[in-house]
Amino acid sequence: MFHDTVFLAFEAGEIQYMKKIIAASFISALLCPGEIAAADLMTKALPKAQLTTFDWSGCYAGGSIGGAWARHVGLTDVEEPGDVATYPLQSGFVAGGTLGCNLQIVGSPVVVGLEGNGGSLRLTGSGPEKFNTAIVSSTKIGNWYAMITGRAGYAWKQVLFYVKGGAGFTEVVSTVTPPVPGIAGSASRDINSWTAGGGIEWAINDRWSAKAEYMFVDLANTANIVRLAPSPNVATPTWSHDFGAVNLVTIGLNYRWGGGR
């Protein structure tokens, strides 16, 4: 009997204690609804916050268009020291394709990759020799170009800032036309040089991205030599064409497989 009375008293006390806790929680909810609502919203927002992460890993293919320009062509008469002239090259249109792959380091915004570009490029210009203006030279850079470059970038959500560098390839054709009809000389050369640049790329969705890019192709160590057929007892007429650099600014669209959200 004594034990039953103690148990009932303990049970009644526990019930009263639980009632006090429930009443206190109810009053707290009435007095501070904003804090509870904020905590609830924060909990619901956590899964959405995870959607802001983006993985740039994967391979892609695309196309680009833009413009190209070069500084000038240096023309030197090899047989006459000091006979050095320059003439400008007209800016031109460039269009091409892209194929590459990215790897975003796990847990890091760093993205590395390898990319190939190629397409149509054409820059032309002409000008006279310095001492004998009747001798005219003309030059064409193109009609094609290609690049193989490494790429490294920093990803901020769906925006990628990157730099790239590697090897650039194109063709130069030079022609020298003396005032004597029928003895023009011409020479062509495939160029392998270095290239560097960078750009910004924005992922429109998991598959498509748009980019804007600038590339510098160095041709400073390139000389295209044109020689005419020698005349009796006369040194072979020879001209050297020296080039500066080609600049390309393009915009493009890529389709990617792999990666995404």
Side-chain angles (χ1 to χ4, degrees), residues 64-97 116-149 165-197 213-251:
S64 61
I65 58 173
W69 72 95
R71 291 184 296 176
H72 59 264
V73 175
L75 175 65
T76 302
D77 186 337
V78 178
E79 305 301 327
E80 295 189 40
D83 189 351
V84 180
T86 62
Y87 56 87
L89 289 169
Q90 298 179 351
S91 58
F93 179 77
V94 59
N117 305 87
S120 174
L121 165 70
R122 183 182 176 90
L123 301 173
T124 60
S126 62
E129 185 185 280
K130 181 179 179 180
F131 291 163
N132 186 354
T133 57
I135 298 175
V136 177
S137 171
S138 61
T139 294
K140 178 188 71 175
I141 299 178
N143 299 315
W144 58 270
Y145 78 97
M147 300 179 189
I148 300 176
T149 57
F169 309 88
T170 189
E171 179 189 35
V172 295
V173 179
S174 299
T175 301
V176 175
T177 306
V180 180
I183 63 169
S186 181
S188 63
R189 178 179 177 182
D190 292 337
I191 296 176
N192 175 9
S193 185
W194 65 268
T195 180
E213 183 177 280
Y214 165 79
M215 293 301 295
F216 176 93
V217 183
D218 180 64
L219 305 179
N221 294 323
T222 300
N224 201 26
I225 306 297
V226 176
R227 292 184 175 89
L228 301 185
S231 301
N233 302 319
V234 178
T236 303
T238 304
W239 291 267
S240 174
H241 298 76
D242 302 290
F243 308 92
V246 175
N247 303 271
L248 293 86
V249 174
T250 58
I251 57 174

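- Closest approach of Ser240 and Ala223 over heavy atoms only: OG-CB, 3.8 Å.
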For this session: Assess whether side chain to side chain contact (heavy atoms under 4.5 Å, CB included) is satisfied between Met215 and Val94, documenting all intermediate values.
Result: CA-CA 12 Å; Met215 293 301 295; Val94 59; over 6 Å; no
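- Once rounded to the nearest 0.5 Å, the distance linking CZ of Phe216 with CG of Leu248 reads 11.0 Å.
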Exercise. Side chain to side chain contact (heavy atoms under 4.5 Å, CB included) between Tyr145 and Val246: does it pass, once the steps are laid out?
Worked result: CA-CA 11 Å; Tyr145 78 97; Val246 175; over 6 Å; no
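- For the side-chain hydrogen bond (donor to acceptor under 3.5 Å, both in side chains) test, residues two or more places apart in sequence or in another chain that qualify with Glu213 are Tyr162, Lys164.
- With sequence neighbours excluded, the residues that form a side-chain hydrogen bond (donor to acceptor under 3.5 Å, both in side chains) with Asn224 are Ser174.
- The minimum heavy-atom distance linking Leu75 with Gly127 is given by the pair CD2-O, 4.4 Å.
- Closest non-hydrogen pair, Ile141 versus Phe243, comes out as CD1-CD2, 4.3 Å.
- The two residues Asp83 and Phe131 make their nearest non-hydrogen contact at OD1-N, 3.2 Å.
- Checked by atom type and distance alone, the side chain of Thr170 pairs as donor or acceptor with a backbone atom of Trp144 at under 3.5 Å.
- Across all non-hydrogen atoms, the minimal contact from Asn143 to Glu171 is N-OE1, 4.3 Å.
- In terms of heavy atoms, Leu123 sits closest to Gly92 at CD2-N, 3.3 Å.
- Here side-chain hydrogen bond (donor to acceptor under 3.5 Å, both in side chains) pairs that include residues 180-197, with residues two or more places apart or in two chains, are Thr175-Ser186, Trp194-Asp218.
- Relative orientation of the His241 and Tyr87 rings is perpendicular, given thresholds of 30° and 60° on the angle between their planes.
- Summarising the local packing, CD1 of Ile225 is surrounded by more than 12 heavy atoms from other residues, nucleotides or ligands at distances under 6.0 Å.
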